[in-house]
Amino acid sequence: MLLDLTPDELLSTTRAVRKRLDLTRPVEREVLEECLHLAQQAPTVGYSQNWHFVVVTDAEKRAALAELWRQVAYPYLERRGGREGQGARIGDAVVHLAEHLHEVPVHVIPCVEARVEDKPVALQASVYGSIVPAAWSFMLAARSRGLGTVWTTFHLIHEREAAEILGIPFEQVTQVALIPVAYTIGTDFKPGLRRPLETMVHWEGW
Ligand SMILES: Cc1cc2nc3c(=O)[nH]c(=O)nc-3n(C[C@H](O)[C@H](O)[C@H](O)COP(=O)(O)O)c2cc1C
């Protein structure tokens with residue numbers, strides 16, 4: 001079922017959801033496939049369609065991925081220390097997700113068929129640019145179906161181990177994120193706090 005959201009509401013309320021993921025409600029495969037079908041409408045370099053999505057529902061695999069994620073998340077949180085305001089709120093939410101990631105019913109790992117270590121920046125941009133729009137489309141489609149997601153990259157520090165867990169051919173395929181997916185607890189989300197537009201928009205030049 002689709003939420004009653006205008007396009008602008010969808011674009012402004014697709015938040016990083018960590019604390020409001022419903023860990024008890026299963027996510028139907030058909031709903032995930034609808035989101036993935038929509039993700040496939042995103043562009044890829046040279047129409048290569050060099051993208052892959054690994055969808056993980058197996059409890060043991062999710063537990064193994066969550067363990068890799070925590071190994072990076074906890075030292076990161078320690079380094080960030082006693083922040084205040086929005087920083088502290090995000091830290092709190094990351095702790096919550098670290099404690100519950102294995103319980104999130106679905107982990108989606110967007111991948112791209114290439115490895116770009118040692119490659120020129122233009123090629124790196126083409127490769128990452130071929131998967132990031134699709135993954136974000138997936139997240140928007142998920143939100144419009146009442147699902148929450150959050151883009152995370154912690155586990156990539158242990159990308160090779162994650163590849164082994166999931167049988168991903170590491171030498172040919174790059175993982176770009178681990179997106180936890182679950183129905184949200186309530187569907188009302190607000191636009192996030194952002195810097196004033198003029199601090200980041202440069203008309204006619206920097
Ligand atoms: C490239 C990238 C990497 C991120 N990595 C992580 C991560 O590893 N763990 C995490 O909890 N959030 C991660 N995030 C989410 C951000 O920390 C940030 O909280 C989020 O984008 C802002 O949420 P909002 O849009 O709801 O304000 C990442 C986001 C991006 C774009």
Side-chain angles (χ1 to χ4, degrees), residues 3 5 7-23 39 42 51 53-54 56 62 64-81 83-104 106-112 116-117 121 124-125 127-144 146-162 165 174-197 199-200:
L3 300 182
L5 294 172
D8 285 4
E9 284 167 348
L10 175 67
L11 288 167
S12 58
T13 64
T14 303
R15 300 265 64 78
V17 186
R18 302 185 184 88
K19 286 186 165 175
R20 289 174 58 191
L21 296 170
D22 187 339
L23 305 175
W51 46 31
F53 287 85
V54 182
V56 187
R62 280 184 290 131
L65 291 171
E67 185 48 40
L68 296 180
W69 201 94
R70 277 191 285 270
Q71 282 175 25
V72 183
Y74 285 138
Y76 164 81
L77 287 162
E78 210 147 286
R79 282 196 305 276
R80 289 176 90 241
R83 295 206 180 181
E84 289 171 8
Q86 202 194 10
R89 259 201 316 282
I90 293 177
D92 217 36
V94 175
V95 171
H96 178 86
L97 185 57
E99 286 169 355
H100 295 283
L101 184 56
H102 57 290
E103 299 167 63
V104 180
V106 185
H107 296 178
V108 171
I109 304 200
C111 302
V112 58
V116 292
E117 301 96 326
V121 167
Q124 294 180 20
V127 166
Y128 282 105
S130 287
I131 184 65
V132 173
W136 182 239
S137 289
F138 169 83
M139 292 165 77
L140 292 169
R143 160 72 175 139
S144 71
L147 295 166
T149 58
V150 48
W151 190 283
T152 82
T153 47
F154 285 144
H155 90 288
L156 296 177
I157 299 285
H158 302 300
E159 186 192 355
R160 196 181 279 277
E161 288 92 324
I165 292 165
T174 302
Q175 300 166 48
V176 301
L178 187 161
I179 304 174
V181 184
Y183 279 101
T184 55
I185 299 166
T187 55
D188 191 31
F189 289 87
K190 293 192 172 45
L193 193 62
R194 295 297 187 257
R195 282 163 38 196
L197 202 57
T199 64
M200 50 183 290

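Every number for a ligand or one of its atoms is a count from 1 in the order of the listing. Because the structure is a prediction, the values reported are computed rather than measured. We use all heavy atoms of the structure for the numbers below, so side chains are in, but hydrogens, waters and symmetry mates are not.
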Problem set entry | Aromatic ring pairing Trp69/Phe154, orientation class (parallel under 30°, perpendicular over 60°, tilted between) | perpendicular

For this session: Just go through Tyr128, Phe154, Phe189 and tell me whose heavy atom is the nearest to atom 9 (N) of ligand 1.
Result: Phe154

For this session: Could you tell me the residue and atom name of the protein heavy atom closest to atom 24 (P) of ligand 1, and the distance to it rounded to 0.1 Å?
Result: Arg15 NE, 3.5 Å

Exercise. Who's closest to atom 22 (C) of ligand 1 heavy-atom-wise, of Ser12, Gly91, Ala16?
Worked result: Ala16

Exercise. Short list, please: which atoms of ligand 1 are under 4.0 Å from a heavy atom of Val94?
Worked result: 11 (O)

Problem set entry | Residues forming a salt bridge (Lys or Arg N to Asp or Glu O under 4.0 Å) with Arg70, sequence neighbours excluded | Glu67

Problem set entry | Heavy atoms from other residues, nucleotides or ligands near CZ of Phe53 exceed 12 (cutoff 6.0 Å) | yes

Exercise. Considering only heavy atoms from C-beta outward, does the side chain of Leu68 approach that of Ile165 to under 4.5 Å?
Worked result: yes

Exercise. Among all protein non-hydrogen atoms, which one is nearest to atom 8 (O) of ligand 1, and what is the separation to 0.1 Å?
Worked result: Thr153 N, 2.8 Å

For this session: Take atom 11 (O) of ligand 1 and look for protein heavy atoms under 4.0 Å from it; say yes if you find one, no if not.
Result: yes

Seminar exercise, completed: protein heavy-atom neighbour closest to atom 29 (C) of ligand 1 works out as Trp151 O, 3.7 Å

Exercise. Between Lys190, Arg194, Arg18, His96, which one has a non-hydrogen atom sitting closest to atom 16 (C) of ligand 1?
Worked result: Arg18

For this session: Return yes when Trp69 approaches ligand 1 closer than 4.0 angstrom through a heavy atom, no otherwise.
Result: yes

Problem set entry | Counterpart residues, side-chain contact (heavy atoms from CB on, under 4.5 Å), relative to Ala16 (two or more places apart) | Arg18, Val150

Exercise. Okay, side chain of Arg143, backbone of Leu10: is any donor-acceptor separation there less than 3.5 Å?
Worked result: no

Problem set entry | Side chain to side chain, Arg15 and Arg20, heavy atoms closer than 4.5 Å | no

